[in-house]
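Structure record follows, encoded as structure tokens.
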Amino acid sequence: MVVVERFEPSEALLAWLYVQQGVDAVRVAMGERVEAVAGCSLLEHEALYRIDMNGRLPMSELSDLLAVSPSGVTRLVERLVRRGWVERSQLPENRRVVYAALTDEGKAVLESTTAPAYRAAVAEEFAGTLTERDLADLRRIGRKLLEAHGKWDAQRFAP
């Protein structure tokens with residue numbers, strides 16, 4: 001008979017799993033809420049928001065800001081172009097770089113629909129179950145982790 005020893009997770013492993021799975025659960029709930037209210041995915045809203053913050057963005061930078069592969073961001077922007085919310089452009093002196101910019105319709109949808117839906121989802125699905133102390137702790141811990149891994153960037157993590 002083979003005896004299998006039970007693995008006892010460490011406090012660090014449990015903390016990681018709870019945070020990871022908690023964020024995943026909140027993200028799914030937020031995505032469902034944004035989809036129901038705004039008619040677009042959470043990622044589509046995030047793309048509109050990031051493009052709006054910067055005026056226009058090279059596709060490679062948008063890929064980095066959203067943590068999506070270059071091919072994934074190309075498909076995402078294509079969906080937004082088909083909806084009339086984003087337009088692509090290239091500079092004549094460098095046709096290899098493709099930029100994404102919001103159209104007037106995209107800006108209007110962001111301001112009137114997707115951004116309010118996103119803020120409501122954050123308030124209810126994330127912050128609604130947390131105390132002010134919890135939120136302060138999460139901001140401090142999140143920034144500490146980002147800085148430790150060289151990922152803190154005020155532009156990327158702007159509200």
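Hydrophobic clustering (ILVMFWY, side-chain heavy atoms < 4.5 Å, transitive): Trp152 and Val19 are in distinct clusters. A continuous path of ILVMFWY side-chain contacts below 4.5 Å connects Leu110 to Leu57, so both sit in one hydrophobic cluster. Cluster membership for Val26 and Leu130, using ILVMFWY side-chain heavy atoms within less than 4.5 angstrom, is shared. Linking ILVMFWY residues whenever their side-chain heavy atoms come closer than 4.5 Å, directly or via other members, leaves Leu42 and Trp85 in distinct clusters. Note: the hydrophobic cluster containing Leu48 also contains Val98 (ILVMFWY, side chain heavy atoms under 4.5 Å, direct or indirect links).
Other residues, nucleotides and ligands contribute more than 12 heavy atoms inside 6.0 Å of the CG atom of Asn94. Counting non-hydrogen atoms of other residues, nucleotides and ligands closer than 6.0 Å to CD of Glu147 gives a total above 12. The number of heavy atoms from other shown groups lying within 6.0 Å of CD (Gln20) is above 12.
At least one side-chain heavy atom of Leu43 sits less than 4.5 Å from a side-chain heavy atom of Glu46. Side-chain contact between Val97 and Leu91 is absent, with no heavy atoms from C-beta onward closer than 4.5 Å. Under the 4.5 Å side-chain criterion, counting only non-hydrogen atoms from C-beta, Arg82 is in contact with Arg79. Looking only at side-chain heavy atoms (C-beta outward), Leu76 and Leu66 come within less than 4.5 Å of each other. Contact check for Phe126 versus Leu138: side-chain heavy atoms found under the 4.5 Å cut-off. A 4.5 Å side-chain heavy-atom check between Val86 and Thr103 finds every atom pair outside the cut-off.
Shown here for Gly39 and Arg83, the closest heavy-atom pair between the two residues is O-NH2, 2.7 Å. Taking both residues in full, the closest heavy atoms of Arg50 and Leu62 are given as CB-CD1, 4.1 Å, listed atom of the first, atom of the second, then distance. Nearest heavy-atom pair, Arg56 versus Ala101, reported as atom, atom and distance to 0.1 Å: CB-CB, 3.9 Å. When all heavy atoms of Val34 and Ser41 are compared, the closest pair comes out as CG1-O, 4.2 Å. The minimum heavy-atom distance between Ala29 and Glu125, with the atom names listed, is CB-OE1, 3.4 Å. For the pair Ala100 and Ile51, the tightest heavy-atom approach, listed with the atom from each and the gap, is O-CG2, 3.5 Å.
Atom-to-atom distance recorded for Gln90:CD and Arg96:CZ is 11.0 Å, nearest 0.5 angstrom. Expressed to the nearest 0.5 Å, how far CD of Glu105 lies from CD of Glu87 amounts to 11.5 Å. Taken from OG1 in Thr129 to CG in Asp134, the straight-line distance is 8.0 Å, to the nearest 0.5 Å. With rounding to the nearest 0.5 angstrom, the CG atom of Asp137 is 7.5 Å from the OG1 atom of Thr131. Once rounded to the nearest 0.5 Å, the distance linking CZ of Arg88 with CG of Leu80 reads 10.0 Å. For the atom pair Glu32 CD and Arg27 CZ, the distance stands at 12.5 Å (nearest 0.5 Å).
At least one donor-acceptor pair closer than 3.5 Å links the side chain of Thr74 to the backbone N or O of Pro70.
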